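Just so you know, these numbers come straight off a predicted model, no measurement behind them. Just so you know, these numbers use all the heavy atoms, side chains as well, and skip hydrogens, waters and symmetry mates. Just so we're on the same page: letters track the sequence lines, and every chain starts at 1.
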Protein chains: 2
Amino acid sequence: MTKANPQSLADLRQGWAKDPEFQREFAALEDEFVMAQTFIQARTAAGLTQAQLAERMGAKQSYVARLESGRMLPSVRTLQKFAAATGTKLRVAFDAG
Amino acid sequence: MTKANPQSLADLRQGWAKDPEFQREFAALEDEFVMAQTFIQARTAAGLTQAQLAERMGAKQSYVARLESGRMLPSVRTLQKFAAATGTKLRVAFDAG
DNA sequence: TGCAAATATAACTAAAAAGTGATAAGGTGC
DNA sequence: GCACCTTATCACTTTTTAGTTATATTTGCA
């Protein structure tokens with residue numbers, strides 16, 4: 001593993017949309033960043049900055065940044081707040097695989 | 001609201017599979033028990049007791065019971081362990097609408 | 001009813017997340 | 001370069017979850 005070994009999600013976002021090799025390796029990465037990726041996509045899809053989202057969640061920008069950094073795996077309570085703030089509906093499922 | 005006002009998930013499981021009125025009212029309940037319901041369904045679908053599941057998660061039966069009680073909203077890390085233990089794949093999504 | 005398996009709850013410590021303020025770093029346009 | 005907006009990180013306290021032991025309660029069945 002060479003390219004897809006980001007130290008932070010900032011690195012990840014750099015490579016992501018551009019490099020196909022990066023994208024392939026990304027699929028094999030740990031789950032750690034998947035949640036963060038989901039957050040970023042949901043927030044940007046809602047057209048919000050971190051500060052705007054934070055206010056809607058009753059939190060601060062620094063907390064949203066941490067959520068999106070992938071260094072923490074939040075609780076379902078936070079997922080629910082996030083969903084409410086982005087006008088989406090949280091879905092958690094355990095799919096047969 | 002009369003019937004669908006359980007104090008615990010134990011009450012809930014009583015009514016659930018039998019009473020159609022209960023089922024209707026259940027849909028209107030808060031999110032509080034949704035996660036617990038999801039846990040119970042995934043575990044029973046896997047044909048496991050709480051103790052068996054707990055062992056696969058590297059935890060104790062009492063912890064699984066607490067998860068299924070709905071009094072706590074666990075972290076995504078716990079959801080991942082749960083998925084691994086039930087042989088399922090965790091899906092978390094923020095759906096539009 | 002009585003036994004055994006399964007589930008629920010309580011009480012406690014350890015670990016992790018929630019939450020905050022300050023500040024650094026990145027990018028954009030002037 | 002310099003503002004300005006946005007995102008990232010650090011350091012810290014508070015709150016919640018993780019994890020355990022012990023025990024009570026429930027459930028199914030002989």
For this session: Would you classify R66(B) as touching base, sugar-phosphate or nothing, given that sugar-phosphate means primed atoms plus P, OP1 and OP2, and contacts are heavy atoms under 4.0 Å?
Result: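 Base contact - R66(B) has a heavy atom under 4.0 Å of at least one base atom.
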Quickly work out the [X] [atom1] to [N] [atom2] distance and round it to whole Å.
X      : N       : atom1 : atom2 : answer
L53(A) : dT6(D)  : CG    : C1'   : 14 Å
Q80(B) : dT17(D) : CD    : P     : 17 Å
R43(A) : dT6(D)  : CZ    : C1'   : 9 Å
Q61(B) : dA10(C) : CD    : P     : 14 Å
L67(A) : dT20(C) : CG    : P     : 13 Å
R77(B) : dT17(D) : CZ    : P     : 15 Å
L73(A) : dA18(D) : CG    : P     : 11 Å
R71(B) : dA11(C) : CZ    : P     : 12 Å

Where do [X] and [Y] come nearest, in terms of heavy atoms and distance?
X      : Y      : answer
L48(B) : R43(B) : O-NH1, 2.8 Å
F94(B) : A42(A) : CD1-CB, 4.1 Å
A36(B) : S69(B) : CB-C, 4.3 Å
K89(B) : A83(B) : C-CB, 4.3 Å

Exercise. Looking at dA8(D), dG21(C), dA18(C), which one has an atom nearest to any side-chain atom of S62(A)?
Worked result: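 Given the options dA8(D), dG21(C), dA18(C), the side chain of S62(A) is closest to dG21(C).
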Problem set entry | Minimum-distance nucleotide (side-chain atoms of T78(A) versus dA18(C), dA17(C), dT7(C)) |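 Closest of the options to the side chain of T78(A): dA18(C).
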Problem set entry | Side-chain donor/acceptor contact of E68(B) with base of dA8(C) under 3.5 Å |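 In this structure, the two groups form no donor-acceptor pair.
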Exercise. Does Q50(B) make a side-chain donor-acceptor contact with the base of dA8(C), cut-off 3.5 Å?
Worked result: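 Answer is no: no donor-acceptor pair is held.
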Exercise. Is there a side-chain polar atom (N or O) of S75(A) under 4.0 Å from OP1 or OP2 of dA18(C)?
Worked result: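 Yes, such a contact exists.
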Exercise. Between Q52(B) and A59(A), which is nearer to the 5' end of DNA chain C once each is assigned its nearest nucleotide?
Worked result: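 Its nucleotide being nearer the 5' end, the pick is Q52(B).
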Exercise. Looking only at atom types and distance, does a side-chain atom of R91(B) sit under 3.5 Å from a main-chain N or O of A93(A), one as donor and one as acceptor?
Worked result: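 Flag not set: sc R91(B) to bb A93(A) has no pair under 3.5 Å.
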Exercise. Out of curiosity, T86(B) OG1 to M57(B) CE, how far, rounded to the nearest 0.5 Å?
Worked result: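 Between T86(B) OG1 and M57(B) CE, I get 8.5 Å after rounding to 0.5 Å.
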Exercise. Roughly how far apart are E55(B) CD and K60(B) NZ, rounded to 0.5 Å?
Worked result: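 Answer for the CD-NZ pair, E55(B) versus K60(B), is 9.0 Å.
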Problem set entry | Degree of bending in the helix from dT1(C)-dA30(D) to dC30(C)-dG1(D) once both end axes are built from five pairs, to 10° |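 The value is 50°.
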Exercise. Want to settle it: does L48(A) or K60(B) sit nearer the 5' end of DNA chain D, counting the closest nucleotide to each?
Worked result: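 Its nearest nucleotide lies further toward 5', so the answer is L48(A).
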